[in-house]
Amino acid sequence: MTSSTSAAPTLGPSRNFPVVVPPGEIPLARVAERTLASGLRILAVRRAAVPTVELRLRIPLGVEPERPLAQELAEMTLLGETALSGTAERTRTQLAADLQSLGASLSVNTDADRLAVIGSGLAPELPRLLSLLAEVVHSASYPEDEVVGERGRLVAELGIARSQPAVLAREALLLRLHGGHPYGTELPEPGHVAGVEPSALRTLHRRVVSPVKAVLTLVGDIDPDAAVDTAAETFASWSGDAASEIPEVPPIRIGGLTIVDRPGAVQTNIRFGGAALPRTDPRFAAQQVANVIFGGYFSSRLVSNIREDKGYTYSPRSGVEHALRMSRLTVAADAATEITAPALLEILYELGRISVLSVAEDELEAARQYAMGSLALSTSTSSGLASTLSVLAGSGIGPEYLRDHPAALARVTTEDVLAVAASVLAPARLVPVLLGDRERIEPFVSGIAALDAQEPVLSEAEATRSV
């Protein structure tokens, strides 16, 4: 018998979804694990398809409350760019040559939550690869000539990035959502980066590159127990203090529309953002399906409406982003200036429709199989599995997620999707931000969504300011 909720009327054209073959069950490989006295957690998994090994070292970061956030962001970003510029024993060139001799590579990147070292190499050379990584962790030297060169390159890249509308729109949305919190900006100001000295990077390295709550993940053609033993021995002398923690995220101030003025812009970057459920929430699987249906894949309602049917935009999309302290839903679409208002109206229509009307069973099933298939695909290689396990471990989630989440997706009902969409995707729960020519778009969009009373109009410079 069909419940009254699932029998609710639906709006919009009827759509036929292709039959999707359910993906096979993701095999849950045995994970060898050990946590050292220093706080370093080591995970190792055998994946013997090719004779290589993938390495992920995730080190939690934080900010010092008494330091300006803009300076912290500039230093953290440059640290990631220069961590492999040399050690006490090797120059950058020697380090690169030694990695090449192992058939290996290392790279480093940072965000507000973590410093990540990503590596790969030939499996028989894992002990030597770990030894080089430990050398970087212990004694990265940040030579002046290397730092100055990388600093200049980064300043130039940031200048280019901050001229891109998509980058400006994202920075404006994050600022509107999170304000002065570390999650409120992703890119440092070029001027702040230009002032970072090598000595500041050495000090920062000593402060934040610590084994406390760090996670080392190894996946490949290895004996997991032996790999854990080798890693434990290699990093036995690594010590450090716990990093300062990311502060709690203030509640998002739900308000009206924020316009970032970009005079003369030929298109408007439309963005929405709001709070979402973390992976640990029992409703997370339903949220994932709801997002896929709304805008999370090419057969989504958003794509069908404003790309395929009306031709307003090329690549509309939505997604859920996860940080350590919060999860965030984002919606993005770029439309020509003259059709900004119609595009905005249709996005609001689709957000409203999914949050008040039940989805069809075939629509649910197609989205469910897509979500299952995406997880299976993301873990089908050693690289993907290493990255997935590293992200999960950094969020306090065990490898059993790879078994349990598909089962949770299989249990999602149309009622579950409606309930979670009403709490996450409803227009009243999201913050809209437009980057475009205010003079041309404001008279039309203000009739659709009221301007934010606290911050009605921002200039491009104000919207991307550093805190």
Side-chain angles (χ1 to χ4, degrees), residues 155-179 183-191 252-274 295 300 302-303 305-319 321 328-351 427 430-467:
V155 167
E157 287 185 357
L158 287 169
I160 295 172
R162 284 186 169 275
S163 69
Q164 303 302 309
V167 173
L168 295 173
R170 177 168 176 83
E171 289 288 290
L173 176 63
L174 295 180
L175 180 65
R176 173 62 182 82
L177 290 173
H178 306 305
Y183 293 162
T185 184
E186 289 180 334
L187 296 180
E189 289 283 354
I252 294 173
R253 177 176 58 82
I254 302 298
L257 178 67
T258 296
I259 297 178
V260 181
D261 190 19
R262 195 162 187 261
V266 298
Q267 72 173 10
T268 302
N269 302 91
I270 304 172
R271 301 292 185 266
F272 283 80
S300 70
L302 191 63
V303 171
N305 184 333
I306 65 174
R307 174 187 158 127
E308 300 301 307
D309 183 37
K310 298 182 177 64
Y312 288 162
T313 184
Y314 183 74
S315 57
R317 60 203 177 277
S318 66
E321 305 167 356
R328 175 176 56 232
L329 174 82
T330 61
V331 182
D334 305 327
T337 299
E338 60 271 18
I339 57 172
T340 298
L344 178 63
L345 183 63
E346 293 300 327
I347 294 172
L348 289 168
Y349 163 75
E350 292 296 353
L351 288 168
L430 299 175
V431 173
V433 173
L434 306 183
L435 175 75
D437 189 331
R438 177 185 61 81
E439 185 175 356
R440 294 180 62 190
I441 65 177
E442 183 180 355
F444 301 99
V445 300
S446 60
I448 300 171
L451 292 177
D452 181 0
Q454 293 192 35
E455 204 169 29
V457 176
L458 294 177
S459 70
E460 184 177 327
E462 290 171 327
T464 58
R465 68 182 183 273
S466 289
V467 179

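Not measured: the values here are computed from a predicted model.
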Check whether any side-chain N or O of T337 sits under 3.5 Å from a backbone N or O of A265 as a donor-acceptor pair, and report yes or no.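 Pair found, side chain donor or acceptor close to backbone of A265.
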Please check this pair: side chain of R162 against backbone of L187, looking for a donor-acceptor N/O pair closer than 3.5 Å.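 Judged by distance alone, yes, a pair lies under 3.5 Å.
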What pairs with [X] under side-chain contact (heavy atoms from CB on, under 4.5 Å), at least two apart in sequence or on another chain?
X    : answer
A450 : none
A333 : I306, T313, P316, I347
P432 : L257, F272
A341 : F444, V445, I448

Do you know the tightest heavy-atom contact between P165 and R262?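 Smallest heavy-atom distance, with atoms named: CG-NH1, 3.4 Å.
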Specify the closest pair of heavy atoms between V331 and S318, including all atoms of both residues, with the distance to one decimal.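 Closest approach of V331 to S318: CG2-CB, 4.0 Å.
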Going through the checks in order, is the side chain to side chain contact (heavy atoms under 4.5 Å, CB included) test met by R176 and R271? CA-CA 11 Å; R176 173 62 182 82; R271 301 292 185 266; over 6 Å; no
Can you sort out the partners of [X] under side-chain hydrogen bond (donor to acceptor under 3.5 Å, both in side chains), two or more places apart, ordered by chain and number?
X    : result
Q267 : none
R170 : E186, E321
D437 : none
E157 : R153

